Undergrad: 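Below you will find the structure I want to go over with you.
Quick caveat: nothing in here was measured; it's all calculated off a predicted structure.
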Amino acid sequence: ASDVYKRQDLAFEEQVKLFQSADVIFASHGAALTNIIWSKPGTKIFELFQEREDETFWYLSQILKLKHYCIKTVKFSKKNNGYNDTVLTDEVLEKIKNLDL
């Protein structure tokens, strides 16, 4: 069964338990991915990111013996004094549907 969780809706202890019990994790690139430190070896991590390169969580996954995959979503661009959000386009959603989980 697949469940969707919003990390900000969970207490710290719930986040730890969730990451410890997960076999597959889809998450946008960002600080919340630090929770992968609670994951068991072999957990599949799918990091959704924009075009910018930042291997931080990939390296962390290697140390923790996790299976880390990166999925590019949209081209990186600066907008309105901030940055554009990671967007799941139809093309990205099709890639996710075709993954061998």
Side-chain angles (χ1 to χ4, degrees):
S2 300
D3 295 316
V4 176
Y5 298 90
K6 292 184 179 179
R7 185 208 43 86
Q8 65 268 22
D9 295 340
L10 302 173
F12 175 74
E13 295 82 8
E14 293 173 310
Q15 291 179 48
V16 171
K17 288 179 186 175
L18 181 63
F19 277 78
Q20 285 176 333
S21 66
D23 294 319
V24 178
I25 297 167
F26 280 87
S28 295
H29 174 84
L33 259 177
T34 304
N35 280 313
I36 65 174
I37 64 171
W38 311 117
S39 299
K40 61 188 172 285
T43 300
K44 292 180 182 179
I45 309 295
F46 292 90
E47 178 183 2
L48 304 170
F49 69 102
Q50 298 170 3
E51 206 169 58
R52 283 177 62 182
E53 292 187 24
D54 181 347
E55 297 90 7
T56 305
F57 298 110
W58 183 86
Y59 285 122
L60 185 56
S61 288
Q62 301 314 297
I63 293 166
L64 298 169
K65 299 184 180 1
L66 307 175
K67 295 179 180 177
H68 194 108
Y69 306 90
C70 295
I71 300 173
K72 184 170 73 170
T73 59
V74 295
K75 186 174 179 170
F76 178 79
S77 66
K78 205 170 182 179
K79 288 165 91 172
N80 303 325
N81 296 325
Y83 298 98
N84 59 325
D85 293 328
T86 297
V87 177
L88 295 177
T89 62
D90 289 339
E91 180 183 348
V92 172
L93 290 171
E94 193 60 35
K95 282 184 194 176
I96 292 170
K97 285 182 196 173
N98 292 322
L99 292 171
D100 181 24
L101 303 176

Undergrad: To the nearest 0.5 Å, tell me how far Ile71 CD1 sits from Glu47 CD.
TA: 10.0 Å
Undergrad: Students often mix this up, so state it plainly: with edges at 30° and 60°, are the rings of Tyr69 and Phe46 parallel, tilted or perpendicular?
TA: parallel
Undergrad: Using atom types as modelled, flag every donor-acceptor pair under 3.5 Å from a side chain in residues 17-26 to any protein atom, sequence neighbours excluded.
TA:
unit_1, atom_1, unit_2, atom_2, d
Ser21, OG, Lys17, O, 3.1
Ser21, OG, Leu18, O, 3.2
Asp23, OD1, Lys40, NZ, 3.2

Undergrad: Holding to side-chain contact (heavy atoms from CB on, under 4.5 Å), I want the full list of residues that pass it with Ala11, two or more places apart in sequence or in another chain.
TA: Glu13, Glu14
Undergrad: Applying salt bridge (Lys or Arg N to Asp or Glu O under 4.0 Å), which residue pairs with at least one partner in residues 24-37 are found, sequence neighbours left out?
TA: none
Undergrad: Please report, to 0.1 Å, the donor-acceptor pairs under 3.5 Å made by any side chain of residues 57-67, with sequence neighbours excluded.
TA:
unit_1, atom_1, unit_2, atom_2, d
Ser61, OG, Phe57, O, 3.1
Ser61, OG, His68, ND1, 2.7
Gln62, NE2, Trp58, O, 3.4

Undergrad: Which atom pair, heavy atoms only, marks the closest approach of Gln15 to Asn35?
TA: OE1-ND2, 2.9 Å
Undergrad: Which residues satisfy the side chain to side chain donor-acceptor pair (under 3.5 Å) test with Asp9, sequence neighbours excluded?
TA: none
Undergrad: Just jot down the side chain to side chain donor-acceptor pair (under 3.5 Å) partners of Ser39, sequence neighbours excluded, or say none.
TA: none
Undergrad: Of all residues at least two apart in sequence or in a different chain, which pass the side chain to side chain donor-acceptor pair (under 3.5 Å) check with Thr34?
TA: none
